[in-house]
Each structure stands twice: as structure tokens, then as C-alpha cells.
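What follows is one structure encoded as C-alpha cells, with my remarks underneath.
All values below were derived from every heavy atom in this structure, side-chain atoms included, with hydrogens, water molecules and symmetry-related copies excluded. Chain letters run A, B, ... following the sequence lines, proteins first, then strands; residues in each count from 1.
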Amino acid sequence: MNTYNHKKIEKKWQEIWEKTKLYQVDLEKAEKPFYNLMMFPYPSGEYLHVGHGYSYTGADVYGRYMRLQGMSVFEPIGYDSFGLPAENYAIKAGVHPDISIAKNIEIAREQLKSFGCMFDFEKEVVTSDPSYYKWTQWVFLKLYEQGLAYQKESPVNWCPNCKTVLANEQVIAGKCERCEAEVIQKKLKQWFFKITEYAERLIKDLDQVDWPESSKIKQKNWIGKSLGVEFEMAIVDHKEKIGVFTTRVDTVYGMTYVVIAPEHPLVEAITVKEQKKAVEKYQNETQRLAEIERQSTEKEKTGVFTGSYAINPFTNKKIPIWIADYVIYSYGTGAVMAVPAHDERDYEFAKKFDLEIITSIVPKNKQKAKGVFVEKGVLVDSEAFTGLTSDEAINKMADWLKVKKIGGSKITYRLRDWSFSRQRYWGAPIPIIYCPQCGTVPVSEENLPVELPKIENFRPTGLGEGPLASVETFASTTCPRCGSLAKRETDTMDTFVDSSFYYMRYLNVGDDREIMNKKITQKWLPVNMYIGGAEHVTMHLLYARFVAKAFYDAKIVNFPEPFLKLRHQGMILGPDGKKMSKSKGNVIIPGEVIKAAGADAFRTYILFMGQFEDGGPWNPNGLSGIVRFLEKLWRLFDQEIVNAEPNIEVERIINKTIKKVGQDIADFKFNTAISALMILVNFLGDRKIQSQRDLEALAIMVSPFVPHLAEELWEKIGHLESVFEASWPTFDNALIQDTILTIAVQINGKVRDQILITPGSSQDEVMKLARESEKVNKYLANSTIIKKIYIEDKLLSLLTDNQKCRSFPSKVQ
RNA sequence: GCCCGGGUGGCGGAAUUGGUAUACGCGACGGACUUAAAAUCCGUUGGUGGUGACAUCUUGCGGGUUCGAGUCCCGCCUCGGGCACCA
């Protein structure tokens with residue numbers, strides 16, 4: 001008798017899979033296409049995280065199950081190799097990213113292979129490869145053609161010490177991640193995608209997709225749709241008008257001042273001579289503050305009076321105009337009507353600067369005020385609107401503003417346009433040429449890719465422009481339109497542009513002429529199942545949806561939503577229950593576990609730990625239970641094998657397990673699927689003799705979790721083809737039905753006995769059986785049954801007039 | 001502050017539409033096998049009381065609805081995640 005040798009088995013089957021190209025799908029001919037996508041890794045160095053192993057094995061179990069269901073499953077993988085993590089790793093290691101990336105991809109690929117997933121490694125994408133980023137640039141051109149890419153001066157994070165622009169991800173608590181200097185805001189010309197134009201559709205189309213509800217909510221909150229009213233206010237002695245946006249126009253009679261953002265263009269025009277100095281000083285101070293610090297709610301309110309006054313169109317009263325940094329320029333109109341009586345922030349400000357506070361809303365009759373500020377209520381001291389409820393007033397006031405032609409209803413979103421230019425080296429160059437004659441000229445498609453030059457000094461320059469700007473051979477070019485000397489754009493693209501379309505590219509790897517093949521794309525897209533971390537909900541997943549929609553509008557693709565189903569894996573924590581990190585020394589490396597116990601054990605254990613979407617702490621002890629289970633499974637196939645002779649008990653558990661495991665995998669409840677398999681294996685193990693047919697069903701059922709072991713067992717019972725060429729066993733519902741059921745008998749709400757019944761028995765039949773129970777009779781003694789409740793095949797509940805049996809002393813009192 | 005999601009044995013965790021709470025696994029304890037250990041197998045394992053059959057309590061806390069609540073409702077506590085002066 002051989003013992004289970006995971007090393008030998010796993011090596012053997014991985015080689016066979018590779019040789020037979022088992023996991024390669026004919027994209028053109030596949031009849032039942034199923035695109036099983038998972039978020040590709042950043043090969044930023046060292047090891048893949050245990051989180052990758054978790055995500056990929058869960059996704060792979062699902063993919064293998066779909067394959068056994070008869071689908072042609074396409075399960076590609078690639079490397080998100082451009083971007084800051086890769087570049088920072090290269091800087092730290094002192095190697096050119098080109099070299100470190102190549103090495104890291106090789107390491108990552110070996111690790112990915114060790115997980116034993118159905119990856120088709122011949123369809124890999126590498127985003128930093130010119131054959132890939134040619135299409136990243138093409139995506140840019142298509143968005144540019146649609147008017148969805150534009151340039152604008154915008155404040156960016158600037159580290160005064162490193163003298164460089166930083167991405168948001170590099171700003172940690174307002175400080176530079178490297179030198180810890182305070183990051184400030186600096187205005188630079190940046191490229192943006194007009195994602196805000198799609199805000200409404202990005203919300204609405206979430207109805208079409210099967211995503212976790214919490215992720216939909218997260219995206220909706222991020223987009224932040226807000227229904228309100230916008231209106232203009234005249235300024236005393238000025239032609240200009242101030243526009244304000246508010247969701248609470250019903251409080252307008254309580255407006256006692258106006259606040260505009262310090263960087264608002266109106267500030268200069270309306271500031272009076274005497275206030276000029278103070279205003280400019282304040283503007284400079286604000287600019288120096290990091291956005292993070294500026295937006296801190298803990299910060300005390302600051303601001304300066306402009307010296308001018310606005311007119312409240314409802315009251316015609318004169319009110320002062322202030323500037324303050326608690327108003328955000330990029331949201332709404334960058335100016336607000338301040339109602340200190342009904343807004344906490346305005347209240348704080350008014351208190352500090354001694355401004356008037358006027359109440360214009362009182363609570364409805366019974367409504368409780370939350371703190372000092374009433375929610376919506378009834379209007380007071382509001383002339384014609386007095387007595388209306390807040391909601392009525394909001395509608396009437398909007399109408400009134402519309403009639404007056406100074407405003408009306410307005411929808412505002414919190415979402416900002418996507419700033420995607422980076423003053424960094426390791427990214428796809430933006431394919432734009434600046435010509436002194438023709439202006440901004442996009443590089444034509446046939447001249448793509450604009451290759452990233454291999455340069456020695458790829459570090460950030462600190463001049464507010466990328467390292468490419470100082471590469472003369474790159475930056476200088478000729479205008480494709482008029483031929484005169486011109487300059488290239490030297491910023492590169494955000495790595496989220498790379499990942500916004502990679503799922504399209506997997507389907508056409510190797511084709512240099514088109515981003516996608518129409519026929520294949522129509523067959524395979526949108527993606528059927530997408531699996532990855534929830535941390536990408538408001539970034540990658542939003543960007544990818546936006547790009548798909550832009551492509552849909554440009555008729556490049558025929559679907560508005562790229563990912564029909566989405567599931568997230570939870571986070572695996574260290575054995576100490578804390579987030580894994582090198583400094584805490586609690587990092588679990590999947591490779592070590594695989595080496596010790598095998599990929600099959602790793603896969604099964606990590607999925608057995610708990611619910612896939614929950615994650616949880618890694619328990620170093622639990623693995624042994626899985627190893628035992630696999631060894632038991634192995635031993636089953638060494639027992640005497642006979643041809644199936646029907647045994648109802650065995651039939652029943654086999655059929656039950658087929659049903660349960662299939663359903664559980666489809667629902668991503670891997671832990672309970674494994675539990676059901678354990679129960680079956682324990683049951684069969686006790687029988688000593690196995691039937692060929694049962695072992696076949698078992699081998700198929702365990703195969704998604706333990707693909708290598710399953711192949712070996714499948715071979716052992718006489719099969720020459722892969723177990724993954726087989727089909728998921730069918731179950732017979734009739735065989736699942738138990739012939740005898742145990743149900744509970746409750747008396748006055750307490751379970752008093754259990755009785756055996758035939759399924760489908762009537763209440764009278766069950767009652768008769770209950771009467772035969774000694775215990776039941778004991779509790780029914782000296783009392784009359786006043787009510788019977790029978791839930792078929794579940795329980796019988798009896799109530800008596802004698803409540804003495806009831807043990808609720810509190811109720812008796 | 002706002003928005004999500006949790007809180008069940010010593011531990012990871014199970015529990016269809018409200019219907020026998022603690023499946024499965026780990027650990028622990030006892031036993032078999034062994035010169036011994038490992039491995040394997042068998043048994044016990046929520047708390048309290050009792051030799052015992054049994055009784056009684058138990059799903060973060062406090063109320064409620066119900067014949068019946070881990071599950072539904074109200075009010076809290078607490079942990080994790082996201083957003084954060086968004087008017």
C-alpha cells in the first residue's frame with residue numbers, strides 16, 4: 001500500500017497538464033464559453049501573498065466546477081507590471097525595472113503554477129510589455145477621440161523635500177511615504193478622463209450586474225449623487241454673481257452669510273481693498289496645507305471676510321461673503337449658502353466669527369431633535385413658505401427659483417474626473433505630441449506603441465515633470481501633421497489605465513493588429529465571473545466599468561458592463577489576527593505551506609477556514625485536519641473495489657453530497673462543501689468495501705479542491721483521461737429523501753422528545769406517534785392540549801392549558 | 001460623524017423561508033495497538049447541579065413579537081472595513 005505522496009503526485013500532474021495543454025481553450029470554437037477571470041497580480045517583488053493563493057484557489061475551484069458542468073472555461077492570468085510598486089522596488093533594489101520585472105514575473109509564474117490552477121499560461125499579458133501597452137495607448141486615443149481625455153491645471157500632491165509629484169497612494173497621513181515631509185498641493189497641468197460624464201450610468205447600470213450588494217453601495221457612495229438646488233445670488237456693487245448648491249434650500253431664510261472656496265476665481269474680483277492683504281495671505285496659507293490636513297474635521301474653522309455682500313434672493317437681505325477652506329472648490333459650485341442655525345459646520349464658523357444665527361425650521365410635532373440641529377421639519381419665519389414641511393418647501397422653492405430664472409433643481413456628484421498622468425518613468429507614455437503650429441496632436445494608431453526608452457536614470461526628477469522629459473531623443477520629435485519640430489508628452493499613464501481593459505486583451509494575445517477580435521469578443525464577453533479583492537471597488541472596478549462604457553458608446557464593444565458577476569475574497573490575517581506585514585513578522589508565504597503539505601492541502605485548508613468572503617486569521621494548527629482528510633481519502637481508494645451493488649444508505653449519502661457540494665461551490669460556500677465531503681469520506685471509510693461508481697463520483701467531487709490528488713485517484717480506478725474531462729455526477733432527488741425522519745415534539749415551547757416518522761405524515765398520524773412517547777405523556781399528564789402546530793417533517797408543537805410545565809417564572813409573576 | 005459587514009464552545013466555524021443551536025475540523029481528555037513513540041482507530045467533550053436517569057441555563061447586552069427567535073422588530077455595547085467639512 002502506497003502512502004499519499006503529495007510531492008510526487010503534484011509534480012506528475014502539473015507536468016501532464018502542461019504537456020497535454022489541458023487548460024487551453026479554443027477561443028474560436030468553444031461552444032459553451034465561460035470566462036472565469038481573477039484580478040491579476042502586481043509582480044512587485046519577492047513572493048506572492050497568501051491572499052493571492054486564497055483568491056486564486058477559490059476562483060479556480062469555481063472554474064473547475066464550471067468545467068465539470070460542461071463549460072469551456074477560460075482562466076487566464078497575467079501581470080500588472082507597470083506602476084509605482086514595481087518602480088519603487090526597482091529603485092530600492094538598484095536595478096532597472098525592465099530587469100527586475102522580468103525576474104519577478106518568472107518568480108510569480110512559478111508560484112502561480114504551484115497553486116495548481118487551470119491557468120492558460122500561453123495567454124499571459126504583461127502590461128509593461130510594448131505589445132501590451134501599445135493597446136493602453138490605443139485606449140487613450142479612443143477616449144481622446146471621444147472627447148473624454150483632456151488637460152487641465154490641477155492641484156497635485158507635491159513633496160517639497162523630494163521635489164516630486166506623488167500619487168495619492170504615496171501620501172500617508174499627509175506625509176511623503178519616503179522622507180515623511182509634509183506634502184503640499186501644487187498646481188500642475190494634468191491629464192484627466194471625464195469619468196464624471198458617466199456618473200449617472202455608473203450608478204444606474206449596477207442594477208444589471210450580480211455583484212455583492214455592499215460593493216454596489218460602496219460605488220454608489222463613492223459617486224455620491226446628491227439631489228439639491230442651485231441658484232445665483234447677486235453681489236452688491238458687482239456685476240458678477242455667486243452660484244451656490246444646496247440640498248437644504250428649505251433653510252434659505254436662515255442664511256446669514258455666504259462662503260466661497262479660497263481658490264474660487266471670484267475671490268479676486270469681489271475682495272475689497274481693505275481686505276486684499278488678509279485674503280491673499282489666507283489663500284497662500286491654504287495652498288500650503290495638504291488636502292488631507294485641510295479636510296480634517298478636527299481642525300478649527302478658519303476664514304477671512306472679503307468685504308463684499310451678496311443678496312439672498314428670497315429675503316433681499318444683504319449678507320457678508322467670506323472665504324474659508326471648509327468649502328471645497330471642486331464640489332458643487334465651490335460656494336455655499338451658510339445657515340448656522342441648521343448646519344453644524346456653518347454653526348461652528350458663525351460662532352467663531354460672531355456671525356448672525358437665524359432659525360427657520362422647527363421640528364414637526366413629535367419629532368425629536370438630534371442634538372442641536374433639526375433634521376427636516378416645518379418652516380418658520382419664511383414668508384410665503386412658512387408652515388410648509390421641508391420637503392414641500394424644497395419643491396416649491398425650486399419652482400420659485402426657476403420662475404425667477406435664477407436657479408432650480410440640480411444633481412451634483414462627488415465623483416471627480418480621473419487624473420491619470422504621472423510624472424514617473426515606469427508607465428505607458430501618453431501618446432500625445434505638442435506642435436507649436438498644430439497644438440496638441442495625438443500620435444496616430446499606426447505609430448503605436450510610443451515606446452518607453454530604456455534609460456539609466458529613471459528616478460523621479462523632482463522638476464514636476466517625469467524623467468522622460470530629460471531624454472532628448474524621446475521628448476523631441478516632429479509633428480505628424482505638419483512635420484515641424486515638436487515635443488512629446490513626457491508623462492506616463494496611471495497603472496489603472498493598464499488594468500482597465502486587460503480582460504479584453506487576454507482574448508487576443510499575440511494579435512498585433514487589433515486590440516480584440518470581434519468574433520471572439522462577442523462570444524466571450526462580458527466576463528462571466530470576476531474574483532478579486534474588495535479594495536478595488538472604488539478604483540479599478542470603477543475605472544474598468546467607465547472604459548467599457550466609453551467603448552460601448554464608441555461601438556468598440558457591444559456590452560455596457562464588463563463584469564456580470566463579481567465575488568470578493570476576504571482578507572487572510574496573520575496567526576495573531578492582525579494584518580500580515582513584514583514588520584510584524586506574521587506573514588504566511590503560500591510557497592512554504594505548499595512545500596510542506598502540498599498544493600492540494602493548501603487549497604483545501606485555506607477554503608475550509610471560513611467563508612470565502614470573510615477571510616480570517618491563519619491558524620497554523622488547522623492544516624493537520626485537512627492532511628488527515630486527504631490521507632483518508634487516499635486510503636479509500638486502496639480498499640477493495642467492487643461493482644456497484646445498490647445500497648440505499650450509500651446511495652442516499654452520495655446523492656445528498658453531490659447535490660450539496662455542487663450547490664455550495666456555485667454559491668462560493670467552499671467550507672461547507674468540504675465539510676460535506678469529509679462526512680462522505682468518513683462514512684465510506686467505515687464500510688471497507690467501495691464500489692467503483694461511488695469512488696468515481698467522489699473523485700470528481702473532490703477534484704475542484706484537490707485537482708492533483710483527484711487525477712491520481714481517477715487514474716488509479718482505471719481512467720486514462722483526465723478527471724477534468726469527466727462530468728459532474730448527477731443526483732436523484734428521489735434517492736435523497738429519507739425514509740425515516742426524526743422530528744422534535746415541543747410542549748409549551750420546549751423540546752421534550754424526538755420521534756421517528758415517515759416523511760409526509762399527516763398531523764394526526766404524527767400526533768398518534770407522539771402519544772406513544774413516554775416523555776411526551778409525562779409532560780401532558782393532567783393537562784389538556786389546547787393547540788397543536790405541526791410543521792411537516794420538522795416538528796410538532798403542543799400547547800396545554802397547564803402552564804406549570806412552562807418554566808418562565810418571570811411571566812408567572 | 002455617516003455608510004456597509006460582523007459578534008455563536010477552549011479555537012476556526014455550521015445552521016433553507018423563524019422550526020431539534022453548536023454540523024465539519026482543530027485542540028483537549030480517556031482507551032486500543034506498540035517495548036516506547038509517531039501514525040492510525042474507538043470513545044468523551046457548551047456551562048451549572050446531580051452517582052444517575054434527568055433538570056436547568058446558553059448564540060455581545062437589554063426589551064419586544066411568536067406556540068417557537070442565532071434568525072424578525074426597538075434600544076444599546078463592541079470589533080472590522082469604507083467615506084469623511086461634499087453644503
Side-chain angles (χ1 to χ4, degrees), chain A residues 3 212-222 224 226 228-229 244-249 251 259 292 294-299 301 324-328 330-339 342-346 348-349 371 412-416 534-535 537-538 570-571 573 577 579 604-605 608-611 613-626 628-629 631-632 635 663 669 671-679 682 685-686 742-755 775 786-800 806-807:
Chain A
T3 48
E213 203 49 40
S214 59
S215 299
K216 289 188 183 182
I217 291 170
K218 226 189 246 180
Q219 278 206 353
K220 282 182 194 165
N221 288 346
W222 182 263
S226 194
V229 162
V244 294
F245 172 76
T246 179
T247 54
R248 292 297 306 277
V249 71
T251 64
V259 191
I292 289 159
R294 172 176 162 181
Q295 290 184 351
S296 158
T297 36
E298 265 121 75
K299 194 182 142 247
K301 295 270 179 297
D325 65 6
Y326 79 90
V327 171
I328 295 158
S330 52
Y331 181 77
T333 59
V336 302
M337 58 173 235
V339 186
H342 303 300
D343 182 280
E344 206 170 340
R345 297 150 303 181
D346 297 340
E348 264 178 55
F349 192 81
T412 301
Y413 301 92
R414 304 167 72 142
L415 185 70
R416 311 288 155 82
E535 68 273 18
V537 166
T538 53
M571 199 191 293
L573 306 169
K579 232 181 201 176
T604 312
Y605 177 58
F608 184 62
M609 278 186 351
Q611 280 208 359
E613 308 222 341
D614 287 350
W618 177 270
N619 179 352
N621 303 322
L623 192 62
S624 56
I626 295 298
R628 270 176 221 160
F629 164 60
E631 282 167 352
K632 262 188 233 172
R635 272 184 258 124
Q663 255 171 16
K669 291 162 138 187
N671 52 339
T672 49
I674 294 165
S675 158
L677 289 167
M678 286 173 167
I679 292 169
N682 288 341
D686 290 341
T742 310
I743 67 157
V745 181
Q746 289 186 353
I747 295 162
N748 292 328
K750 292 200 145 273
V751 177
R752 292 304 183 184
D753 199 13
Q754 295 168 357
I755 58 172
K775 284 184 196 168
I786 52 173
K787 198 171 175 188
K788 296 178 205 165
I789 297 155
Y790 178 58
I791 309 297
E792 194 178 294
D793 298 348
K794 295 269 183 201
L795 58 61
L796 177 69
S797 182
L798 303 173
L799 299 182
T800 71
R806 246 187 145 162
S807 57

With the side chain of Ala744(A) defined as its heavy atoms from C-beta on, choose the nearest nucleotide among rU40(B), rU20(B), rC24(B).
-> rU20(B)

So what does Lys220(A) touch, heavy atoms closer than 4.0 Å: a base, only the sugar-phosphate, or nothing?
-> nothing

Taking only N and O in the side chain of Tyr326(A), is any of them less than 4.0 Å away from OP1 or OP2 of rA87(B)?
-> no

Report the relative orientation of the aromatic rings in Tyr326(A) and Phe349(A); use parallel for angles under 30°, tilted for 30 to 60°, perpendicular for over 60°.
-> tilted

rA55(B) C1' sits how many Å from Asn748(A) CG, rounded?
-> 17 Å

Greater than 12 external heavy atoms within 6.0 Å of Lys579(A)'s NZ | no

Using atom CD of Glu344(A) as one end and atom C1' of rC85(B) as the other, report the distance to the nearest whole Å.
-> 10 Å

Ignoring the backbone of Phe608(A), work out which of rG12(B), rG19(B), rA87(B) is nearest its side chain.
-> rG12(B)

Measure from CD1 on Ile217(A) to C1' on rG82(B) and round the result to the nearest Å.
-> 12 Å

Any donor-acceptor pair under 3.5 Å linking the side chain of Gln219(A) with the backbone of Val537(A)?
-> yes

What is the nucleic acid contact for Ser226(A), judged by heavy atoms within less than 4.0 Å: base, sugar-phosphate only, or nothing?
-> sugar-phosphate

Give one of base, sugar-phosphate or nothing for Asn671(A), where a contact means two heavy atoms less than 4.0 Å apart.
-> sugar-phosphate

What nucleic acid atoms does Ser624(A) come within less than 4.0 Å of, heavy atoms only: base, sugar-phosphate, or nothing?
-> sugar-phosphate

Atom pair CG (Leu796(A)) and CD1 (Ile789(A)), whose distance is rounded to the nearest 0.5 Å | 9.0 Å

By nearest-nucleotide position on RNA chain B, the 5'-leaning member of Ser214(A) and Gly334(A) is Ser214(A)

Given that both distances must come in under 3.5 Å, which nucleotide forms a Watson-Crick or G-U wobble pair with rC26(B)?
-> rG10(B)

Check whether the side chain of Lys788(A) and the base of rC67(B) form a donor-acceptor pair under 3.5 Å.
-> no

Closest to side chain of Asp686(A), choosing from rC42(B), rA87(B), rC67(B) | rC42(B)

Once you apply the 3.5 Å cut-off to both distances, tell me the Watson-Crick or G-U wobble partner of rC67(B), or none.
-> rG19(B)

Any strand, both distances under 3.5 Å, Watson-Crick or G-U wobble: rG5(B) pairs with rC79(B)

Can you measure from CZ (Phe245(A)) to OG1 (Thr412(A)) and round to the nearest 0.5 angstrom?
-> 3.0 Å

Within a reach of under 6.0 Å around NZ of Lys216(A), are more than 12 heavy atoms found that belong to other residues, nucleotides or ligands?
-> yes

When Leu795(A) and Leu623(A) are each assigned the nearest nucleotide of RNA chain B, the 5'-most assignment goes to Leu795(A)

Where the side chain of Gln611(A) is concerned, which of rA14(B), rG27(B), rA87(B) is the nearest nucleotide?
-> rA14(B)

Tell me: NZ of Lys787(A) to P of rG68(B), nearest whole Å?
-> 9 Å

Side chain of Asn221(A): nearest nucleotide among rU16(B), rU56(B), rC3(B)?
-> rC3(B)

How would you label the contact of Ile789(A) with the nucleic acid (heavy atoms, under 4.0 Å): base, sugar-phosphate, or nothing?
-> base

Choose from rC67(B), rG25(B), rU40(B) the nucleotide whose nearest atom is closest to any side-chain atom of Asn682(A).
-> rG25(B)

Any idea which of rG27(B), rC54(B), rA15(B) is nearest the Lys775(A) side chain?
-> rC54(B)

Interatomic distance, Trp222(A) CH2 vs rC3(B) C1' [rounded to whole Å] = 14 Å

Picking from rC67(B), rA14(B), rU17(B), the nucleotide nearest the side-chain atoms of Gln746(A) would be rC67(B)

In whole Å, what is the span from the CD atom of Glu535(A) to the C1' atom of rC4(B)?
-> 16 Å

Distance in angstrom units between Met609(A) CE and rG12(B) P, rounded | 11 Å

